[in-house]
**Student:** 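Let me begin by handing over the structure; questions about it come next.
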Amino acid sequence: MEYKIALIPGDGIGPEIVAEARKVLDKVCEKYSHKFSYTEVLLGGASIDAHGVPLTEEAIVQAKASDAVLMGSIGGDAKTSPWYKLEPSRRPEAGLLAIRKALNLFANLRPAYLYNELRDACPLRDEIIGDGFDMIIVRELTGGLYFGARKTTEENGVRTAVDTLSYNENEIRRIAIKAFEIARKRRNKVTSVDKANVLDSSRLWRSVVEDVAKDYPDVTLEHMLVDNCAMQLVRDPKQFDVILTENMFGDILSDEASMVTGSIGMLSSASLNETKLGLYEPSHGSAPDIAGQNKANPIATILSAAMMLRYSLDLDKEADAVEAAVQKVLTDGFRTGDIMSDGCKLVGTKEMGDLIADAIA
Ligand code: NAD
């Protein structure tokens, strides 16, 4: 099959890690007889340098015309980079927010998977880790408290601030459908997280999720209160497969879940819209402190490319092959500096990309 991929190298380590992900994708093409045509799209600091703005209309058109967008990371050192002397709406991060909005990305996916080889980086006790954990957080990205009406007033010298947490049933239904579809590609379990003992928005959330669940009799649904979920993530993370939740709860829980894996250079992510189009990127930033030194770990970006194969292109077998290649290289003892431990072999960004590409079976 033939697919159009928009590649956003971005800033800092972005171009280095995207080049390695492309190397792996090219190997997938070769092994599985696909054709990927790439369009390079400028975003963030790279776009400011070329066009004076962090995102151009042309870049949006290029992204929309593709089957999926694979991104490195954007931004520079806020203290030294000239990009941060610009007004906030012209800085690199504004470009990222604008492209997410232009593509209408409402579902954010953040996997938290613990490789047995990296269990020393996990802050949890050995008996809690057990055989490891493998979950994905599906977070609603465009509604809730972060987008509701807000105001601060002052009366008789006392200030009052109000934020509004609002969801309509359509917004809940579309993210719930995503979570159930994703569960079908995994272990068929959804844990929907809310605060239904207190919040009306959560009671609506729960009732719509239950409705959607009727169309997925093969997927087990359970509900969990958000405070309990925060505890369960560090008490027994193995119990989770897909965690479905609203914007603010997801913001907090996805950071907690990723921290229990302990390795920032390994964490992939995806943001999806109502079509198959998605934006895939590592969870980490552009790491200007190590940019251009062949030190960055490309695995989070390579695993983001695997998510792209699975969720935007429906190439599950190929996604499995990429994940298995990453697993093999770790089992063989190769590590970039950020995940290095005693007895392992230290490699750079390019060598790690070569090893993973060579391991695609
Ligand atoms: P960061 O994630 O870039 O770096 C934090 C630390 O982790 C640094 O020491 C870095 O060297 C290390 N690190 C990160 N990724 C690594 C990798 N793949 N391999 C090895 N080490 C890695 O966070 P920061 O320093 O706070 O931010 C730097 C820039 O990135 C800022 O401009 C910030 O706005 C931007 N940022 C962008 C995104 C994005 O593009 N989505 C996300 C977060 C931060």
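Whatever order the structure lists ligands and atoms in, that order sets their numbers, starting from 1.
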**Student:** Could you name the option among Glu16, Arg100, Met71, Glu281 that has the heavy atom nearest to atom 41 (N) of ligand 1?
**Tutor:**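 Going through Glu16, Arg100, Met71, Glu281 one by one, Glu281 has the nearest heavy atom to atom 41 (N) of ligand 1.
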
**Student:** Atoms of ligand 1 less than 4.0 Å from Ile13 heavy atoms?
**Tutor:**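 In order of numbering, the contacting atoms are 18 (N).
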
**Student:** Can a salt bridge be assigned to the pair Glu93 and Arg91 using a cut-off of 4.0 Å between side-chain N and carboxylate O?
**Tutor:**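 Salt bridge: no.
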
**Student:** Any idea which part of Asp11 is under 4.0 Å from ligand 1, heavy-atom wise: side chain, backbone, both or neither?
**Tutor:**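 None of Asp11 does.
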
**Student:** Counting only heavy atoms, which portion of Ile74 has something under 4.0 Å from ligand 1: side chain, backbone, both, or neither?
**Tutor:**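 The answer is both, backbone and side chain.
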
**Student:** May I ask you to identify, for Ile17, whether its side chain, its backbone, both or neither come under 4.0 Å of ligand 1 on a heavy-atom basis?
**Tutor:**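 For Ile17, no heavy atom sits under 4.0 Å from ligand 1.
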
**Student:** Step by step, work out the side chain to side chain contact (heavy atoms under 4.5 Å, CB included) result for Leu313 and Phe36.
**Tutor:** CA-CA 11 Å; Leu313 311 185; Phe36 293 158; 4.1 Å; yes

**Student:** What about His284: any of its N or O atoms under 3.5 Å from an N or O on ligand 1?
**Tutor:**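 N/O-N/O distance below 3.5 Å exists for this pair.
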
**Student:** Any side-chain heavy atom of Ile339 within less than 4.5 Å of one from Met266?
**Tutor:**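 Side chain of Ile339 against side chain of Met266, heavy atoms only: contact under 4.5 Å found.
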
**Student:** Looking only at protein heavy atoms, which one is nearest to atom 19 (N) of ligand 1, and what is the separation?
**Tutor:**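 Result: Asn297 N, 2.9 Å.
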
**Student:** What's the verdict on salt bridge (Lys or Arg N to Asp or Glu O under 4.0 Å) for Asp316 and Lys185, showing C-alpha distance, side-chain angles and the deciding distance?
**Tutor:** CA-CA 8 Å; Asp316 289 42; Lys185 284 180 178 267; 2.8 Å; yes

**Student:** Is any NZ, NE, NH1 or NH2 atom of the basic residue among Lys27 and Glu30 found under 4.0 Å from an Asp or Glu carboxylate oxygen of the other?
**Tutor:**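 So Lys27 does not pair with Glu30 through a salt bridge.
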
**Student:** Can you sort out which atoms of ligand 1 are near Ile264, meaning under 4.0 Å from one of its heavy atoms?
**Tutor:**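 Listed by number with element: 2 (O).
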
**Student:** Is any side-chain N of the basic residue among Asp338 and Lys295 closer than 4.0 Å to the acidic one's carboxylate O?
**Tutor:**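 Looking at Lys295 together with Asp338, the answer is no, because their closest N to O distance does not fall below 4.0 Å.
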
**Student:** Indicate yes or no for a side-chain donor-acceptor contact from Ser202 to the backbone of Lys195 under 3.5 Å, with no hydrogens or angles considered.
**Tutor:**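 Yes: the side chain of Ser202 pairs with the backbone of Lys195.
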
**Student:** Hey, is atom 25 (O) of ligand 1 touched by any protein heavy atom at less than 4.0 Å?
**Tutor:**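 It does not: no protein heavy atom is found less than 4.0 Å away from atom 25 (O) of ligand 1.
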
**Student:** Relative to ligand 1, is Pro288 under 4.0 angstrom through side chain, backbone, both or neither, heavy atoms considered?
**Tutor:**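 Side chain only; the backbone of Pro288 stays clear of ligand 1.
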
**Student:** Is there a nitrogen or oxygen of Gly265 sitting under 3.5 Å from a nitrogen or oxygen of ligand 1?
**Tutor:**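 Such a contact does not occur with ligand 1.
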
**Student:** Any idea which atoms of ligand 1 are less than 4.0 Å away from a heavy-atom of Ser73?
**Tutor:**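 Contacts of ligand 1 toward Ser73, numbered from 1: 40 (O).
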
**Student:** Geometry only, no angles: is Ser283 polar-contacting ligand 1 at N/O separations under 3.5 Å?
**Tutor:**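 Looking only at distances, the answer is no, because the N/O contact criterion of under 3.5 Å is not met.
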
**Student:** Could you check whether Glu281 and Ser269, counting side-chain N and O atoms only, form a donor-acceptor pair closer than 3.5 Å?
**Tutor:**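 No, no side-chain donor-acceptor contact under 3.5 Å.
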
**Student:** Given the protein's heavy atoms, is any one of them under 4.0 Å from atom 11 (O) of ligand 1?
**Tutor:**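 Looking at atom 11 (O) of ligand 1, one finds that a protein heavy atom does lie closer than 4.0 Å.
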
**Student:** Just to be sure I read this right, does ligand 1 sit under 4.0 Å from the backbone of Thr336, its side chain, both, or neither, counting only heavy atoms?
**Tutor:**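 Neither part.
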
**Student:** Just which atoms of ligand 1 are under 4.0 Å from any heavy atom in Gly75?
**Tutor:**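 Answer, ordered by atom number: 32 (O).
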
**Student:** Within the distance-only criterion (no hydrogens, no angle test), does the side chain of Asn294 pair as donor or acceptor with the backbone N or O of Lys350 below 3.5 angstrom?
**Tutor:**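 Yes.
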
**Student:** Do side-chain atoms of Asn273 reach the backbone of Leu103 as a donor and acceptor pair under 3.5 angstrom?
**Tutor:**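 Such a contact is found between Asn273 side chain and Leu103 backbone.
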
**Student:** Is the charged tip of Lys345 near the ring of Phe334: under 6.0 Å from the six-membered ring centre and within 45° of its axis?
**Tutor:**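 Cation-pi check for Lys345 and Phe334: passes.
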
**Student:** Would a distance-only check, ignoring hydrogens and angles, find a side-chain to backbone donor-acceptor pair under 3.5 Å from Lys4 to Ala63?
**Tutor:**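 The answer is no, because no donor-acceptor pair under 3.5 Å joins these two groups.
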
**Student:** Quick check on contacts: which atoms of ligand 1 are under 4.0 angstrom from a heavy atom of Ile290?
**Tutor:**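 This gives 11 (O), 20 (C), 21 (N) as the contact atoms.
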
**Student:** Once you restrict to heavy atoms under 4.0 Å, what part of Asp338 touches ligand 1? Side chain, backbone, both or neither.
**Tutor:**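 Just the side chain.
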
**Student:** Give the intermediate values and the outcome of side chain to side chain contact (heavy atoms under 4.5 Å, CB included) for residues Arg150 and Thr164.
**Tutor:** CA-CA 6 Å; Arg150 71 187 84 248; Thr164 319; 5.9 Å; no

**Student:** Report yes or no: does a heavy atom of Tyr84 sit under 4.0 Å from some atom of ligand 1?
**Tutor:**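 Contact present.
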
**Student:** Please could you name the atoms of ligand 1 that Ala296 approaches to less than 4.0 Å, counting only its heavy atoms?
**Tutor:**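 Matching atoms, with element in brackets: 19 (N).
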
**Student:** Between the side chains of Glu58 and His51, is a donor N or O closer than 3.5 angstrom to an acceptor N or O?
**Tutor:**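 Checked: Glu58/His51 side chains show no N/O donor-acceptor pair below 3.5 Å.
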
**Student:** Under 4.0 Å from any heavy atom of Glu93, which atoms of ligand 1 are there?
**Tutor:**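 Those qualifying, in numeric order: 32 (O), 33 (C), 34 (O).
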
**Student:** Looking only at protein heavy atoms, which one is nearest to atom 31 (C) of ligand 1, and what is the separation?
**Tutor:**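 Going atom by atom, the protein heavy atom closest to atom 31 (C) of ligand 1 ends up being Gly76 O, 3.5 Å.
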
**Student:** Any protein heavy-atom neighbour for atom 38 (C) of ligand 1 (distance below 4.0 angstrom)?
**Tutor:**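 Yes, there is one.
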
**Student:** So which protein heavy atom does atom 9 (O) of ligand 1 come closest to, and at what separation?
**Tutor:**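 Of every protein heavy atom, Asp289 OD2, 3.0 Å lies nearest to atom 9 (O) of ligand 1.
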
**Student:** Check each of Ser286, Ala287, Gly10 against atom 30 (O) of ligand 1 and report the one with the nearest heavy atom.
**Tutor:**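 Minimum heavy-atom distance to atom 30 (O) of ligand 1 goes to Ser286.
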
**Student:** Among all protein heavy atoms, pick the one closest to atom 36 (N) of ligand 1 and tell me residue, atom and distance.
**Tutor:**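 In this structure, atom 36 (N) of ligand 1 has Gly285 CA, 3.5 Å as its nearest protein heavy atom.
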
**Student:** Judged by atom type as modelled, is there a donor-acceptor pair below 3.5 Å linking the side chain of Thr261 to the main-chain atoms of Ala112?
**Tutor:**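 Checked: no pair found.
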
